[in-house]
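Written below as structure tokens is the structure these notes are about.
Atoms within a ligand are numbered from 1 in the order they appear, just like the ligands themselves. For the single chain, residues carry numbers from 1 onward in sequence order.
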Amino acid sequence: MTPKEKSDPRLDQLDPAALPRHLAVIMDGNGRWAKSKGWRRVKGHEEGAESVRVVVRACRRLGLDALTLYAFSEENWARPKAEIEALMRLLGRFLKSQRQEMIERGILLNAIGTIDRLPQATYDLLQDTMAATSGGGEMVLTLALSYGGRQEIAQAARLLAEQAARGEIDPSAIDEAALAGALYTQGLPEVDLLIRTSGELRVSNFLLWQIAYAEFHFTDTYWPDFREPELYEAFRQYASRQRRFGQTGEQLEGG
Ligand code: FPP
């Protein structure tokens with residue numbers, strides 16, 4: 001940790017015990033950010049990739065167990081070919097440039113989604129980086145790529161149905177834990193906090209099962225402008241909320 005990081009006053013205001021263990025982010029508004037400055041959309045994605053670097057580093061430093069980023073949805077395949085190529089190039093650049101840092105900081109890279117749809121070179125780089133960081137025990141960074149929540153739940157149901165058809169499991173034993181264990185996110189903690197940037201108030205098919213009890217934080221800030229102050233503000237607001245999981249406030253306070 002550099003002296004600058006250590007003395008950041010905004011960090012002192014955060015109670016480590018009140019931070020989320022698992023943060024998920026819908027990174028939205030790259031295109032509008034660029035357009036508002038009269039620039040090409042790709043410039044927004046480039047600056048968005050810088051926000052990814054900043055947020056990953058901050059979450060690791062704060063000791064989060066898991067960070068899951070919606071980097072490319074199933075629906076994003078419908079974007080112009082040139083934009084898809086630019087996003088894949090940026091992802092490749094991110095993987096190459098962050099690999100060493102991820103290893104040094106104990107970050108394990110994970111991917112969820114139909115990643116076999118990615119261009120071969122991106123897919124190979126992703127697999128290489130996941131293998132290189134597989135020893136990371138401090139934080140899991142999951143990139144949702146070619147991801148859709150309904151797609152994920154459907155594949156989990158298919159997986160369990162196949163196991164039942166082979167006689168490996170009894171259909172009556174399929175409960176919430178079995179379904180959660182068949183999702184791409186199996187092994188990750190529950191999502192505690194979901195952030196969506198750019199003023200949109202939607203979930204857009206992201207982690208549909210996993211956000212059942214998550215707190216939501218919506219901000220008008222476009223993703224390329226979402227940096228440490230905005231992240232700390234989201235954590236500060238999260239810490240001030242009482243998560244009741246269906247119980248009463250009095251029950252939780254022991255009253
Ligand atoms: C939404 O902005 C963002 C995306 C579709 C992709 C997110 C990608 C990055 C942040 C950069 C590369 C990723 C990594 C992991 C390095 P939008 O284009 O939908 O914005 P708009 O709604 O304003 O058009």
Sub-4.0 Å heavy-atom approach of [X] to ligand 1:
{"X": "Arg93", "answer": "no"}
{"X": "Asn76", "answer": "yes"}
{"X": "Lys35", "answer": "no"}

Examine [X] against ligand 1 and note whether any of their N/O atoms are separated by less than 3.5 Å.
{"X": "Gly31", "value": "yes"}
{"X": "Trp223", "value": "no"}
{"X": "Asn30", "value": "yes"}
{"X": "Tyr70", "value": "no"}
{"X": "Trp33", "value": "no"}

Show which atoms of ligand 1 fall inside a sub-4.0 Å distance from at least one heavy-atom site of [X].
{"X": "Ala71", "value": "6 (C), 7 (C), 8 (C)"}
{"X": "Phe94", "value": "16 (C)"}
{"X": "Asp28", "value": "1 (C), 2 (O), 17 (P), 19 (O), 20 (O), 22 (O)"}
{"X": "His45", "value": "11 (C), 18 (O)"}
{"X": "Arg32", "value": "21 (P), 22 (O), 23 (O)"}

Report task. Considering only NZ, NE, NH1 and NH2 on the basic side and carboxylate oxygens on the acidic side, decide whether Glu138 and Arg105 come within less than 4.0 Å. Result ->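 Arg105 and Glu138: not salt-bridged.
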**Report entry** Protein contact for atom 7 (C) of ligand 1 (heavy atom, distance under 4.0 Å)
**Finding:**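 There is a protein heavy atom less than 4.0 Å from atom 7 (C) of ligand 1.
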Do [X] and [Y] have side chains that approach each other closer than 4.5 Å (heavy atoms only, starting at C-beta)?
{"X": "Thr185", "Y": "Trp209", "answer": "no"}
{"X": "Phe226", "Y": "Leu231", "answer": "yes"}
{"X": "Leu208", "Y": "Glu152", "answer": "no"}

Report task. Just let me know how Arg41 lines up against ligand 1, side chain, backbone, both or neither, with a heavy-atom cut-off below 4.0 Å. Result ->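 The answer is the side chain.
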Report task. Using a 4.0 Å heavy-atom threshold (strictly under), name the region of Arg79 that reaches ligand 1: side chain, backbone, both or neither. Result ->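 Contact part for Arg79 vs ligand 1: side chain (C-beta onward).
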Report task. Counting heavy atoms only, name the option from Val25, Val52, Ile84 that's nearest to atom 14 (C) of ligand 1. Result ->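 Heavy atom nearest to atom 14 (C) of ligand 1 belongs to Val52.
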Query - Arg236/Glu233 under salt bridge (Lys or Arg N to Asp or Glu O under 4.0 Å): CA gap, chis, key distance, verdict - result: CA-CA 5 Å; Arg236 209 188 49 72; Glu233 176 56 21; 2.9 Å; yes
Side chains of [X] and [Y]: is there a donor and an acceptor less than 3.5 Å apart?
{"X": "Thr114", "Y": "Ser146", "value": "yes"}
{"X": "Tyr184", "Y": "Gln151", "value": "yes"}
{"X": "Gln127", "Y": "Tyr123", "value": "yes"}

Query - Identified side chain to side chain donor-acceptor pair (under 3.5 Å) counterpart of His22 within the set Thr142, Thr68, Asp65 - result: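 Considering Thr142, Thr68, Asp65, a side chain to side chain donor-acceptor pair (under 3.5 Å) with His22 is found only for Thr68.
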**Report entry** Test salt bridge (Lys or Arg N to Asp or Glu O under 4.0 Å) applied to Glu47 and Lys37, step by step
**Finding:** CA-CA 12 Å; Glu47 209 50 36; Lys37 297 179 182 301; over 6 Å; no
Query raised in the report: What is the nearest protein non-hydrogen atom to atom 3 (C) of ligand 1, stated with its residue, atom name and distance?
Result: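 Ranking protein heavy atoms by distance from atom 3 (C) of ligand 1, first comes Met27 O, 3.1 Å.
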Report task. Looking only at non-hydrogen atoms, find the nearest pair between Tyr238 and Asp192 and report the distance. Result ->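 That closest heavy-atom pairing would be OH-CB, 3.3 Å.
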